[in-house]
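Data block below; observations after.
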Number of protein chains: 2
Amino acid sequence: MKLGSLQSSSIDGELVIVSRDLSRLTKASDIAPNLRTALEKWSEVEALLHERADQLEKGTVHYQAYDEAKMCSALPRTWLFADGSSFIYHVKLVRMARKAPLPETLETVPLMYQGECGKFLNPLEDIPQRDFSYGTDFEGEVGVVTDFVPMGTTPEEALKKVRLVLLINDVSLRGLIPAELAQGFGFFQSKPASALSPLALTPDELGRAWKQGRIHLPLEVKYNGSFFGHADAGAMHFDFGQLIAHAAKTRDLPAGAIIGSGTVSNEDHSKGSSCLAEKRMIETIETGQPKTPFMQVGDTIEIMMKNEHGENLFGRIFQKVKKVP
Amino acid sequence: MKLGSLQSSSIDGELVIVSRDLSRLTKASDIAPNLRTALEKWSEVEALLHERADQLEKGTVHYQAYDEAKMCSALPRTWLFADGSSFIYHVKLVRMARKAPLPETLETVPLMYQGECGKFLNPLEDIPQRDFSYGTDFEGEVGVVTDFVPMGTTPEEALKKVRLVLLINDVSLRGLIPAELAQGFGFFQSKPASALSPLALTPDELGRAWKQGRIHLPLEVKYNGSFFGHADAGAMHFDFGQLIAHAAKTRDLPAGAIIGSGTVSNEDHSKGSSCLAEKRMIETIETGQPKTPFMQVGDTIEIMMKNEHGENLFGRIFQKVKKVP
C-alpha cells in the first residue's frame, strides 16, 4: 500500500492511503492519527491499513481526489534521519571535487551522518535559501523507514525491520561542506531541511524490484524540466540491511527512523547524475572545469521513480529554490 | 519552575511540575500531556504552568512525593539534539589525546554535531554497553531547550528563544571516534543515547547564575562515588545564543530542540574534569601515560548542579554501566 500525510493543522499531518494509480486517497486517521504514530504501533495497525487500502482500490470506501499540492512529506517529521552514502561512485566523485582523500574503509564500513528530522519540507515546497554562496545542491536518494530496531541487530535481521520505502531530496550546501568537515565534527549547517516523496510504500508495492535489500529501479531526476539523471538505485554498495545495522550498532533505532541511501549514482555517465556536484565533477574531468552552476533562484528539481510498467510509484518531489531574507 | 516527565505508558512520559525543594510533584498533563507538546504551544501553556507551580509551592494543589526513580529524562525524546563543544579547553585536551589538529576556526566558529534525540536514557538508567573496547566515557554538559527558532536568527534573538535549561550526560565511545572522524562524516556510532537531568528549569530558577547566555555555576561530577569534577559551566567560549544561532544558520529549529554546551571544562585542573578522556590526557601530560581506564561494568557516574545556596537544581543523573549481549 501507499501511505501519506495530508496537510492538516498538525505538523505531523493526517494519515491517508493513496490508490496505486495516484488518483484517489482515503483518510486512515481513525486507525492512527498520523504515519509516525502508525509506525509506533505497526503490528496493531498494519492489517487494518491493508484492508482499507483494498477497499480504496475497489472503491468501497469514501475517498477524495489525490492532490499532490495538499501533501506533506510522507513523514513530516520523525525521530531519526540517518543518511548513508552507499553509492561509492558518488563518494569518489564528490571527494575528487573537493580534493579530499577517500576513506580507507570505503568498501567495508558505510559512511553515515545524522540529518535534520524535525521538519521535512513538503514535496512541492520551495527550498529556502538565504545566501547563494552556500552552493545549493539537490541529492536524489532512496530511503527506508524502519520499525524499532534494537541495538546490535545484524544486517539480515535489520532488513526485516523495513516497513516503508520512499524517496528523498537531501538538500546540500556544497559551499559550506569543506569548512564544516575541516572542523572534524561532520555535516550540520551544510545539510539543511530535506524533502521526502509524498508517498511511502510498503516494500511489496515494488514487486520484484525490491530484492537484496535494494530498490532495483532507476531514479528519475529532472533539473529545470530537463533530463538530469536516470541512475539505477539498485547499485548500492551496502544494502539497506547493512545501513540499518550500521546505524543500530551502538543505539536502538526508534520506530519511524529513516535510513537514506545517499545520492544515487552509477559509473555509466549516460545515466546522468542525481546531484549537481557530480555533474560538475564529470565536467571537470572531461573539460577541465565545471560549467553547471549550483542552484539559483527559480531553479527546479523533480525527483520520482517509475516501475517497469511506467507507473509513478511515490508521487513526486518537485521543488523550486527561493530567496529568503 | 521545574518541569519533568513522569514515566508512563507513553514514550514521552507525563508532564509534571516539581517543587523547588525536590520533595513533591504535581501532574500537569491536563495542561499539556507531555513536555514536548507543552513546548510546541508554550505561549498558551506557560502562564498555566507557572500558576500550577505556585500552587505546588503553597501546597494548594494535589501532589505526590517526588521519586527520582520514576522520572524520565526531562524530555524523553525530541526533534533535535545539537551538541556544541563550547569549552575550548576540552577541545584542546581531547584533540591532543587523539593527536588530531585543532580546527583553525576554534575560537570563531562553534563545533557542533547532531546527536541521538529519539530516546534519551532515563536519568537513573544503566548505560548499556556491548563491547568495552569501544572506550565508554561520560560527558557532563549543560544544555538549553528552545522554542521554535526561525532560520537565520541572530545570536541576540536566539537567546530569547531559550525556554528551559537542563543537564546532559553525553555518553561517548572514545574508541570509535578516531575511525569515525577519519571517514569524514563526523560522529554517529561513537555517540549513542545520552541521558538528561530529570528536571528542566525555566531560566529564572537560576537567578543571577543565568547571565550572558551561560549558567554560572559549577557542574558536580562524581565517578564511582568520588569527586571527579566541579568545573564552572559559565566558562563557555560561545554562549547559548551563539550556539543556537549556529544551529539555525541554515534551518529552522523545532520547538523542543536541545542545544548542548559540550563537556564542561576549565583550565584549572583543581576543578577536575567532566569526562574521562580529559582526565586521561591530563595524566598523560603529567606522567607520560593515562592511568584512569574508560568505564567498565558497574562503574557509576553522577552529574548534578547546585546553586549558591547548595540547593540541588536539576535532580541528578546517576548511571551505572551494564553489559548487554
Side-chain angles (χ1 to χ4, degrees), chain A residues 11 40 77-85 91 95 100-106 109-119 128-131 134 151-152 171 173 176 179-193 246-257 324-325, chain B residues 11 40 77-85 91 95 100-106 109-119 128-131 134 151-152 171 173 176 179-193 246-257 324-325:
Chain A
I11 299 175
E40 286 172 6
R77 58 179 177 175
T78 190
W79 305 109
L80 176 69
F81 172 32
D83 200 12
S85 191
V91 181
R95 298 237 173 173
L102 285 171
E104 288 177 20
T105 53
L106 182 67
V109 182
L111 288 162
M112 185 171 281
Y113 73 94
Q114 192 163 334
E116 164 66 358
C117 60
K119 184 72 184 78
Q129 287 303 297
R130 293 172 54 222
D131 184 337
Y134 295 171
M151 178 166 73
V171 178
L173 302 174
L176 298 181
E180 233 173 17
L181 297 196
Q183 284 185 293
F185 270 33
F187 308 106
F188 192 97
Q189 294 177 337
S190 51
K191 292 287 186 177
H246 182 86
K249 184 176 175 185
T250 61
R251 64 175 82 175
D252 298 335
L253 305 187
V324 294
Chain B
I11 299 175
E40 286 172 7
R77 58 179 177 176
T78 191
W79 307 109
L80 177 69
F81 172 33
D83 200 12
S85 191
V91 181
R95 298 235 171 173
L102 285 171
E104 289 177 19
T105 54
L106 182 67
V109 182
L111 287 163
M112 186 170 281
Y113 73 94
Q114 192 163 334
E116 163 67 357
C117 60
K119 185 70 183 78
Q129 286 303 297
R130 292 173 56 222
D131 184 337
Y134 295 170
M151 178 166 74
V171 178
L173 303 174
L176 298 181
E180 229 171 22
L181 298 195
Q183 284 185 291
F185 271 34
F187 307 106
F188 192 97
Q189 294 177 338
S190 51
K191 292 288 187 177
H246 182 86
K249 183 176 174 184
T250 61
R251 64 175 82 174
D252 297 335
L253 305 188
V324 294

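Not measured: the values here are computed from a predicted model. What you see below is based on every heavy atom in this structure, not just the backbone, and it leaves out hydrogens, waters and symmetry mates. A note on names: the letters A, B, ... follow the listed sequences, proteins ahead of strands, and every chain is numbered from 1.
- When all heavy atoms are compared, the tightest approach of A:W79 to B:G118 is CB-CA, 3.8 Å.
- When heavy atoms are compared at a cutoff of 4.5 Å, B:V324 approaches chain A solely by way of its side chain, counted from C-beta outward.
- Ranked by non-hydrogen atom pairs under 4.5 Å with chain B, the options A:A193, A:A179, A:G152 are led by A:G152.
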Quick one: do B:R130 and A:K249 satisfy side chain to side chain contact (heavy atoms under 4.5 Å, CB included)? Show the steps, please.
CA-CA 9 Å; B:R130 292 173 56 222; A:K249 184 176 175 185; 4.0 Å; yes
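- Closest heavy-atom contact between B:G184 and A:R95: CA-NH2, 4.3 Å.
- Ranking A:I11, A:T78, A:D131 against chain B, the residue ahead of the rest is A:T78, based on heavy-atom pairs under 4.5 Å.
- Contacts with chain A were tallied for B:G256, B:C117, B:A182, B:G115; B:G115 has the most, counting heavy-atom pairs under 4.5 Å.
- Residue contact with chain A, scored on non-hydrogen atoms closer than 4.5 Å, is absent for B:P325.
- Of all heavy-atom pairs spanning B:H246 and A:Q189, the tightest one is O-NE2, 2.8 Å.
- One finds no salt bridge joining A:E40 and B:K119 here, because no Lys/Arg side-chain nitrogen approaches an Asp/Glu carboxylate oxygen to under 4.0 Å.
- Put simply, the side chain of B:Q114 does not reach to within 4.5 Å of the side chain of A:F185, judged on heavy atoms.
- Looking at A:L253, neither its backbone nor its side chain comes within 4.5 Å of chain B, counting heavy atoms on both sides.
- Per-residue counts of heavy-atom pairs under 4.5 Å with chain B were compared for A:L80, A:L176, A:T250; the largest is that of A:T250.
- For B:A257, no part lies near chain A; criterion is any non-hydrogen pair under 4.5 Å.
- Closest heavy-atom contact between B:P254 and A:E116: CD-OE2, 4.5 Å.
- The side chain to side chain contact (heavy atoms under 4.5 Å, CB included) test applied to A:L181 returns A:R98, A:I177, A:F187, not counting sequence neighbours.
- Taking all atoms of both residues into account, the shortest heavy-atom contact from A:L111 to B:Q183 is CD2-O, 3.4 Å.
- Checked against salt bridge (Lys or Arg N to Asp or Glu O under 4.0 Å), B:E180 has no partners two or more places apart in sequence or in another chain.
- There is no contact between A:L102 and chain B, counting heavy-atom distances below 4.5 Å.
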